[in-house]
Amino acid sequence: MTAASKPPTLLTSAPLSSDPRTPTHMSRYDAATIEAKWQAAWATAEVFSARRDSTRPKYYVLEMFPYPSGNLHMGHVRNYAMGDVIARYKAAQGFSVLHPMGWDAFGLPAENAALERGMHPGPWTRANMAAMKEQFLSLGFSLDWTREFATCDPEYYGQQQALFIDFLEKGLVYRKNAVVNWDPVDMTVLANEQVEDGRGWRSGALVERRDLTQWFFRISDHSDALLSGLDGLTEWPEKVRTMQANWIGKSRGLQFGFALTAPYDEFSALDVYTTRPDTINGASFLGISPDHPLAKALEANRPDIAEFCAECRRGGTSEAERETAEKKGFDTGLTVRHPLNPDWTLPVWIANFILMDYGTGAIFGVPAHDQRDLDFARKYDLPVIDTFFAPDDATPVADIAFTPPKTEPVSWVNHPTGLELASGEAAIDATIALAEAGGWGKGVTQYRLRDWGLSRQRYWGCPIPVIHCERCGVVPEAKENLPVKLPEDVTFDLPGNPLDRHPTWRNTTCPTCGGEALRETDTMDTFVDSSWYFARFTSPGAATPTDPAEAAYWMNVDQYIGGVEHAILHLLYSRFFARAMAICGHLPDTAAEPFRALFTQGMVTHEIYRTRDTAGRPVYHLPEHVTDGRLADGTAVEVIPSAKMSKSKKNVVDPVHIVETYGADTARWFMLSDSPPERDVEWTSAGADSAFKHLNRVWRLAEDLGQSASDGAPQGVNDDALARAVARAIADVTAGIEGFAFNTSVAKLYGLTNVIAKSKAPEADRAAALAILARLMAPMTPHLAEEVWSMLGGTGLLAQTPWPVADPALLVDDTVTLPIQINGKRRSELVVAADLPKAEIEALALADPAVIKALDGGTPKKLIVVPGRIVNVVV
RNA sequence: GCGGGCGUGAUGGAAUGGUAGACAUACCAGACUUAAAAUCUGUUGGGCGUAUGCCCGUGUGGGUUCGACUCCCACCGCCCGCACCA
């Protein structure tokens with residue numbers, strides 16, 4: 001399917017010219033007609049089909065593909081309008097552009113819809129895709145639709161299953177136990193999003209943590225590579241690199257054991273990991289996770305401990321929830337000996353804030369130098385031992401832990417290494433050395449990054465292609481049996497995974513021994529789907545995950561654009577996948593970092609409208625259903641301040657309405673105006689009117705100046721002032737696009753429009769200037785630009801016309817205005833030749849009346865001249 | 001709680017450490033019109049003022065600099081992420 005095979009449905013009249021007495025001989029800017037016309041023209045010429053072309057450099061621009069919710073929202077329009085600016089601009093610069101689009105089509109909302117309306121997730125998703133594609137087409141993006149796919153296509157997820165099997169072979173994926181949110185009433189696994197205040201969103205039951213055997217990608221084996229790889233990503237935002245580095249969380253610390261004073265069960269010592277071994281003499285207790293093997297052993301014999309651990313396991317699994325929960329502890333009664341002093345014993349506590357999957361699941365608490373430990377110590381009346389003070393202040397810690405930066409020198413109290421005045425860093429080094437020399441501990445590099453659990457106990461995802469055989473164990477499905485397709489005949493009348501209760505799908509034969517066996521019923525995390533789609537776009541029809549020749553040509557993505565909310569997970573997973581695919585030969589090694597440049601756009605926000613149902617649970621309402629704070633039936637809604645547009649909060653705006661009223665170009669222009677792309681923008685209807693007004697103005701200029709258009713594109717601009725304005729605009733608009741400052745490009749285009757409209761230059765000059773304006777506007781408002789170009793007699797499609805180049809001679813001004821500051825405040829100005837020597841500027845500045853007055857006969861203390869910029873006189 | 005970011009007129013925002021407020025919206029005034037809309041022109045950070053003049057002003061408080069929206073420190077407010085939302 002091509003870009004305009006189905007013309008969008010648009011109003012035929014423009015809303016701001018609705019007066020029936022408008023003379024009929026006067027034509028108007030008719031977005032509906034214009035946009036359909038040019039979309040058809042682009043489609044006929046197949047302008048946007050990506051082609052391998054050895055004579056041109058390639059450019060791969062990609063926006064994060066959407067989840068097919070059924071409606072494009074303004075956030076999408078913003079995202080794809082930005083990508084389209086880049087794609088069209090790069091095409092005009094002569095690049096062979098790949099700009100594909102597809103659907104991130106698996107996921108929870110389809111299952112929720114299935115539960116709510118009794119509809120199968122497949123048709124629901126397909127219908128949404130069809131609706132959204134129509135909206136996409138009406139916006140006129142320069143997308144290569146011949147490469148379209150959805151992650152729920154068996155052709156796609158079958159290749160994903162092949163990848164999984166390859167990963168399995170290379171040891172990149174394995175099974176282990178992990179906890180999930182378990183709803184004991186609905187008897188189902190819940191996503192973190194489905195847990196509200198520790199309760200299941202539907203049942204309201206207290207959520208429990210439950211252990212399940214699940215599949216994991218060995219992403220943590222690549223921690224160091226993923227961390228050091230960030231250094232090469234110079235065209236990624238610094239904040240994203242920082243966030244990823246912090247997420248990977250490389251730390252150096254000490255691992256060592258505390259011997260139990262009396263062995264318990266098979267435990268004779270407890271291993272701890274700490275990043276602050278230098279504070280070892282400040283230890284006042286040992287803390288272990290409720291999931292620590294020792295805690296589990298204690299549970300078996302001690303009902304009170306079992307009850308405490310059970311309490312710790314209530315509530316959701318999310319880190320935010322655990323971190324903000326009240327800190328609780330339980331004294332096990334066991335004690336350990338301090339490694340540096342066998343007479344010193346410490347109590348062992350079980351604490352709910354200690355995670356089993358970081359370090360060893362056991363810590364020693366240093367209340368004097370860790371706020372959380374201090375709160376814990378005060379709550380349970382444990383000792384607080386100062387191990388260091390500020391060099392000039394030896395006040396013991398009371399309610400606020402003393403935690404200076406590790407680089408700051410502090411004075412130590414009886415430090416085991418003998419240090420007196422030293423930084424934390426130096427003390428850490430010394431303590432690790434001491435432990436290694438003494439043989440009681442070893443320095444360890446630890447990462448916060450955990451392996452990526454990919455198992456989901458759900459239907460609407462990519463089936464994990466493994467089979468459980470009683471004789472052969474867990475074996476991969478044979479590749480010739482791929483794809484393992486999801487069965488269609490499933491029901492959603494019960495919670496849980498329909499694959500589990502499917503009568504026949506689960507039963508299969510073992511690919512190894514041919515005996516009876518059972519399929520895995522878990523499906524993959526949807527992050528897996530989106531971790532390699534960019535690679536698949538290079539050869540969407542290939543019978544293997546990628547076609548190596550195509551991947552080698554098109555990879556990497558030269559410009560990736562998406563929401564900052566994906567700064568960590570999606571981008572980190574994709575970086576891991578690219579490495580894993582390279583290991584399996586599906587991508588060249590040079591694609592290990594798949595996204596050369598990244599831009600994270602801000603979010604489009606909107607107010608949220610909420611009411612509550614009889615049970616007090618929130619019910620959200622779409623903006624189009626709310627007028628003046630009330631629903632159609634008069635119910636008042638609670639207005640919650642602007643937040644990220646999200647399907648679950650229903651604070652989404654339908655761009656279809658804007659396109660129908662004003663046209664696609666207005667929607668695009670408006671989304672690119674005003675707000676810097678990286679910043680959040682609140683959607684307002686007021687901006688649309690002004691955008692539309694401007695496009696009308698450009699169109700009217702074209703109508704005025706196009707009357708006398710001769711054949712062929714308008715020639716050069718001879719009028720000097722106009723020519724300079726045009727050159728300036730070319731340079732500034734280009735710089736704005738290159739720097740992802742589309743809002744400033746838009747401002748410069750407004751400026752050039754104003755200059756052309758007010759210019760008294762000959763009509764041919766103004767027409768030529770307007771033709772340049774059209775070319776500069778083409779990436780943003782492509783339909784109007786084509787129309788204006790054609791009205792002015794331009795030949796060919798603007799979509800295939802090279803980007804204009806500014807005459808450098810016209811960018812340099814002969815004279816400059818230099819502000820004169822006196823003591824840093826602007827007091828006067830100087831108009832001088834641009835190349836005037838510094839000494840002469842100084843002389844002119846000292847002769848300036850304002851300067852003479854300020855000096856009052858004296859000499860300046862200092863005279864700063866920055867040629868071309870400013871003069872500052874210090875008196 | 002932890003990690004990251006943002007904060008400038010009535011509003012969205014502009015500004016390689018160098019004239020703060022470009023461009024746009026809104027408001028006000030004028031032109032055109034019987035009138036309105038549309039369109040066009042002009043004004044608009046606050047204060048004093050006859051002024052081509054002065055004072056204040058980029059969340060708050062400090063600091064660096066000849067010069068700070070920009071760099072550094074602390075604080076306040078808002079936003080994003082926190083591994084099963086996508």
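In what follows, every chain begins at residue 1, and chains take the letters A, B, ... in the order their sequences are listed.
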*On a whole-Å scale, what distance lies between the P atoms belonging to G42(B) and G49(B)?*
29 Å
_Against the six-membered ring of Trp182(A), is Arg209(A) placed for a cation-pi contact (under 6.0 Å from the centre, within 45° of the normal)?_
no
*Sticking with atom P, work out how far C6(B) lies from A10(B), rounded to a whole angstrom.*
24 Å
_Presence of donor-acceptor pair under 3.5 Å, side chain of Asn872(A) and base of C66(B)_ = yes
*Relative to the ring of His566(A), is the ring of His570(A) parallel (under 30°), tilted (30 to 60°) or perpendicular (over 60°)?*
perpendicular
*Where does G46(B) fall, syn or anti, if syn means a chi angle no more than 90° from 0?*
anti
*If the plane angle is over 60° it's perpendicular, under 30° parallel, otherwise tilted; pick one for Phe353(A) and Phe376(A).*
perpendicular
*Kindly point out which of A83(B), C56(B), C80(B) is positioned nearest to the side chain of Leu569(A)?*
A83(B)
*For Ser530(A), answer base if it contacts any base atom (sugar-phosphate contacts may also be present), sugar-phosphate if it contacts only those atoms, and nothing otherwise; contact means non-hydrogen atoms under 4.0 Å.*
nothing
*So what's C71(B) paired with, Watson-Crick or G-U wobble, going by both distances under 3.5 Å?*
G63(B)
*In terms of ring plane angle, is the pair Phe217(A) and Phe576(A) parallel, tilted or perpendicular, where the classes change at 30° and 60°?*
tilted
*Below 4.0 angstrom from OP1 or OP2 of U39(B), is there any side-chain N or O of Asn696(A)?*
no
*Counting side-chain heavy atoms from CB outward, which of G4(B), C6(B), A86(B) is closest to Asn246(A)?*
G4(B)
*Answer with yes or no whether Gln214(A) presents, from its side chain, a donor or acceptor under 3.5 Å of a partner atom in the base of C84(B).*
yes
*What nucleic acid atoms does Arg372(A) come within less than 4.0 Å of, heavy atoms only: base, sugar-phosphate, or nothing?*
nothing
*For A10(B), what is the paired nucleotide under Watson-Crick or G-U wobble rules, both distances under 3.5 Å?*
U25(B)
*How about Glu116(A) and Asn112(A): does a side-chain donor come under 3.5 Å of a side-chain acceptor?*
no
*Distance below 4.0 Å between Ser675(A) side-chain N/O and G13(B) OP1 or OP2*: yes
*Does Lys379(A) pair with Glu326(A) as a salt bridge, N-O distance under 4.0 Å?*
yes
*Less than 3.5 Å between a donor and an acceptor, one on the side chain of Gln194(A) and one on the base of C84(B), is that the case here?*
no
*Between G12(B), C84(B), A24(B), which nucleotide gets closest to the side-chain atoms of Ala191(A)?*
C84(B)
*Residues Arg78(A) and Glu63(A) bridged, charged N to O under 4.0 Å*: no
_Watson-Crick or G-U counterpart of C2(B), or none if no pair lies under 3.5 Å_ = G81(B)
*asked:* Give me the distance, rounded to whole Å, that separates C40(B) from C32(B) when you measure between the C1' atoms they each carry.
replied: 8 Å
*How is Phe527(A) classified with respect to the nucleic acid when contacts are heavy atoms under 4.0 Å: base, sugar-phosphate, or nothing?*
base
*asked:* Let's see if you can work this out: which of G18(B), G4(B), C84(B) has an atom nearest to the side-chain heavy atoms of Lys239(A)?
replied: G4(B)
*Name the nucleic acid region contacted by Gln457(A), choosing base, sugar-phosphate or nothing; use a 4.0 angstrom heavy-atom cut-off, strictly under.*
base
*Reckon Leu108(A) touches a base, only the sugar-phosphate, or nothing at all at heavy-atom distances under 4.0 Å?*
sugar-phosphate
*Counting only side-chain N and O atoms of Lys862(A), is one of them less than 4.0 Å from OP1 or OP2 of C66(B)?*
yes
*Do the side chain of Asp522(A) and the main chain of Pro463(A) share a donor and acceptor less than 3.5 angstrom apart?*
no
*asked:* Over all strands shown, is Lys327(A) touching base, sugar-phosphate only, or nothing at heavy-atom distances under 4.0 angstrom?
replied: nothing
*Touch check for Asn823(A), heavy atoms < 4.0 angstrom, all strands: base, sugar-phosphate only, or nothing?*
nothing
*Indicate whether OP1 or OP2 belonging to A83(B) is found under 4.0 Å from a side-chain N or O atom of Asn192(A).*
yes
*Among C84(B), C80(B), G1(B), which is the nearest nucleotide to the side chain of Thr324(A)?*
G1(B)
_Ion pair Asp732(A)/Arg728(A), N-O distance below 4.0 Å_ = yes
*Atom CD of Gln244(A) and atom P of G3(B): how far apart are they, to the nearest Å?*
17 Å
*Which nucleotide, C79(B), G18(B), A86(B), lies nearest any side-chain atom of Asp680(A)?*
C79(B)
*Identify whether any heavy atom of Leu449(A) sits under 4.0 Å from a base atom; if not, whether one sits that close to sugar-phosphate; answer base, sugar-phosphate or nothing.*
base
*P atoms of C84(B) and G77(B), separation to the nearest Å*: 32 Å
*Does A15(B) pair with anything, Watson-Crick or G-U wobble, both distances under 3.5 Å, and if so, with which nucleotide?*
none
*Reckon Gly751(A) touches a base, only the sugar-phosphate, or nothing at all at heavy-atom distances under 4.0 Å?*
nothing
_Students often get this wrong, so: under 4.0 angstrom with heavy atoms, is Val180(A) touching a base, only sugar-phosphate, or nothing?_
base
_Rounded interatomic separation in angstrom, taking CD from Glu829(A) and P from U52(B)_ = 14 Å
*Which nucleotide in the list C23(B), U25(B), U19(B) gets nearest to the side chain of Ile870(A)?*
U19(B)
*Does a nitrogen or oxygen in the side chain of Lys825(A) sit under 4.0 Å from OP1 or OP2 of C55(B)?*
no
_Just to be sure I understand the rule, does Lys861(A) reach a base, reach only the sugar-phosphate, or reach nothing, if contact means heavy atoms closer than 4.0 Å?_
nothing
*Please state the P separation for the pair G30(B) and C79(B) - nearest whole angstrom.*
44 Å
*Phosphate oxygens OP1/OP2 of A14(B): is one of them under 4.0 Å from a side-chain N or O of Arg679(A)?*
yes
*Reckon Arg448(A) touches a base, only the sugar-phosphate, or nothing at all at heavy-atom distances under 4.0 Å?*
base
*Nearest-Å distance once atom P is located in both G59(B) and U50(B)*: 33 Å
_Check whether Trp236(A) forms a cation-pi arrangement with Arg241(A) (NZ or CZ under 6.0 Å from the six-membered ring centre, at most 45° off the ring normal)._
no
*Under 4.0 angstrom, heavy atoms only, what part of the nucleic acid is Gly563(A) near: base, sugar-phosphate, or nothing?*
nothing
*Taking the same atom, P, in A26(B) and in U39(B), what whole-Å distance lies between them?*
10 Å
*For C82(B), does OP1 or OP2 lie under 4.0 Å from any side-chain N or O of Arg322(A)?*
no
_Closest nucleotide among A86(B), C66(B), A14(B) to the Thr526(A) side chain_ = A86(B)
*When we call it a touch if two heavy atoms are under 4.0 Å apart, what does Val873(A) touch: a base, just sugar-phosphate, or nothing?*
nothing
_Given A86(B), A83(B), A24(B), identify the nucleotide with an atom nearest to the side chain of Tyr750(A)._
A24(B)
*If you check the Glu565(A) side chain, which of C40(B), A86(B), U39(B) turns out closest?*
A86(B)
